[in-house]
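What you see is a predicted model; the values in this text were computed from it and never measured.
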Amino acid sequence: MWFLSILMSFILVGCAASQSPATGEPKPTPEPKRFKTPLELSELRKEVSAADSKGRKIIYVGVYGGAVPSWEKAGYFNPKDWPPYRNVRQEEEFNEIAFHESVMHVLAIQISRLFPNSITLMIRGNDEVVADVVKYLYSPGDKIYLVGHSQGGAVIGQAVYELEQRGIPVQMMAQIEGFLSYLTIPGNVAQAFNFYVPSNFALCPGRDKLEAESPSLTQVSNVPISNPWGPFTGPCAEHRNIDSDPRVWKSILQYIIDSAAS
């Protein structure tokens with residue numbers, strides 16, 4: 001056990017040590033806002049409910065990699081409210097956001113514009129935080145989309161099991177190099193994507209295969225992303241760069257557009 005703890009610490013330090021160039025970087029997004037209960041999102045839920053008389057909405061939650069704290073230190077960020085993002089329109093601009101921030105930010109911006117009756121959040125927290133937030137925001141008929149990178153991928157892999165126990169369906173979950181994530185996907189998930197960097201050896205290995213517990217209920221797509229495009233160099237660079245690669249956000253966005261319209 002002590003060896004595993006040391007190995008985990010070494011890997012996380014290696015991932016954090018990957019460097020990105022400072023030249024030309026846009027203004028960084030703020031640190032996630034601390035919150036200790038889903039009730040602090042009540043205004044966001046009211047705002048969306050008022051915009052859609054039928055009450056159906058899209059709930060998109062992206063989960064950051066790295067530290068995944070419990071409620072005591074959890075935080076959230078709403079990309080659509082970040083002023084520098086409001087005038088972004090061109091694909092090159094979206095790719096720039098993905099390059100310096102995350103493909104998950106791009107998805108949040110795109111979803112909020114394509115579907116006004118949507119809630120789009122980025123969360124820094126563990127599976128309990130994510131499951132509690134989704135349960136609070138969810139109403140029957142809503143469509144839930146969960147995306148996570150690295151340890152964030154492992155978080156959503158656990159959260160979907162908690163949502164299954166609560167009787168909440170998930171339209172899609174997408175792990176991006178999910179780090180030490182569950183191998184299986186429960187039957188309450190309609191579509192699971194697993195984006196990974198194919199490699200014979202990796203210092204920060206993501207899960208290269210996910211499987212459905214019930215193939216008749218869940219479609220699983222394991223998608224290799226070779227030589228991911230991104231700003232990082234050094235240890236774990238590819239593991240981090242995949243969270244910038246346009247192939248990832250474009251595939252996920254297309255599925256969301258198709259499934260949300262059905």
Side-chain angles (χ1 to χ4, degrees), residues 29-30 32-33 35 37-64 74-91 93-94 97-98 101-125 129-148 152 155-156 159-160 162-164 166-174 188-193 218-219 248-262:
T29 54
K33 181 180 179 180
F35 69 140
T37 169
L39 293 175
E40 296 180 45
L41 302 174
S42 60
E43 291 301 318
L44 184 61
R45 186 172 69 169
K46 290 177 184 178
E47 177 184 321
V48 174
S49 297
D52 183 13
S53 60
K54 296 181 180 179
R56 295 190 297 269
K57 60 184 179 293
I58 287 175
I59 300 171
Y60 165 83
V61 175
V63 184
Y64 293 112
Y76 76 93
F77 170 61
N78 191 348
K80 75 175 183 179
D81 290 340
W82 180 232
Y85 287 173
R86 290 176 182 169
N87 294 321
V88 174
R89 293 290 183 273
Q90 304 300 318
E91 181 173 329
E93 295 175 296
F94 287 117
I97 291 171
E101 299 291 347
S102 169
V103 298
M104 296 182 286
H105 285 200
V106 173
L107 289 166
I109 300 167
Q110 296 269 29
I111 292 167
S112 66
R113 293 178 181 176
L114 291 168
F115 305 99
N117 59 326
S118 63
I119 294 176
T120 56
L121 288 176
M122 292 297 306
I123 287 180
R124 190 176 300 285
V129 173
V130 172
D132 286 349
V133 166
V134 172
K135 180 183 177 182
Y136 175 72
L137 297 174
Y138 175 76
S139 297
D142 292 346
K143 291 193 174 183
I144 299 169
Y145 299 88
L146 306 177
V147 182
V155 164
I156 64 169
V160 290
E162 297 182 39
L163 295 174
E164 182 186 40
R166 303 180 192 190
I168 298 176
V170 175
Q171 181 65 40
M172 184 213 74
M173 62 164 282
N188 64 321
V189 178
Q191 171 70 49
F193 288 101
T218 305
Q219 175 71 38
V248 175
W249 72 257
K250 288 181 179 180
S251 297
I252 297 174
L253 181 62
Q254 189 59 59
Y255 175 81
I256 292 174
I257 292 172
D258 293 342
S259 62
S262 63

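At distances below 3.5 Å, not a single donor-acceptor pair connects side-chain atoms of Asp132 with backbone N or O atoms of Thr37. Side chain of Arg86 to backbone of Asp81: a donor-acceptor contact under 3.5 angstrom is found. Looking at Tyr60, its side chain does come within 3.5 Å of a backbone N or O of Met104 through a donor-acceptor pair. Within the 3.5 Å criterion, the main-chain N or O of Val189 finds a donor-acceptor partner in the side chain of Thr218. In this structure a side-chain-to-backbone donor-acceptor pair under 3.5 Å is missing from Asn188 to Val170.
Note on ring orientation: taking the six-membered ring where Trp is involved, the planes of Phe35 and Tyr76 are perpendicular (angle over 60°, cut-offs 30° and 60°).
Other residues, nucleotides and ligands contribute only 12 or fewer heavy atoms inside 6.0 Å of the NZ atom of Lys135. Enclosure of atom CG in Asp258 by more than 12 non-hydrogen atoms of other residues, nucleotides or ligands within 6.0 angstrom is indicated.
Of the candidates His105, Glu101, Lys80, Tyr85 forms a side-chain hydrogen bond (donor to acceptor under 3.5 Å, both in side chains) with just one, namely His105.
Separating the CD1 atom in Ile252 from the CD atom in Gln110 is a distance of 12.0 Å, to the nearest 0.5 Å. The structure places CD1 of Ile109 at 11.5 Å from CG of Leu114, a figure rounded to the nearest 0.5 Å. We find the NZ-CG distance between Lys33 and Asn78 to be 10.5 Å, quoted to the nearest 0.5 Å.
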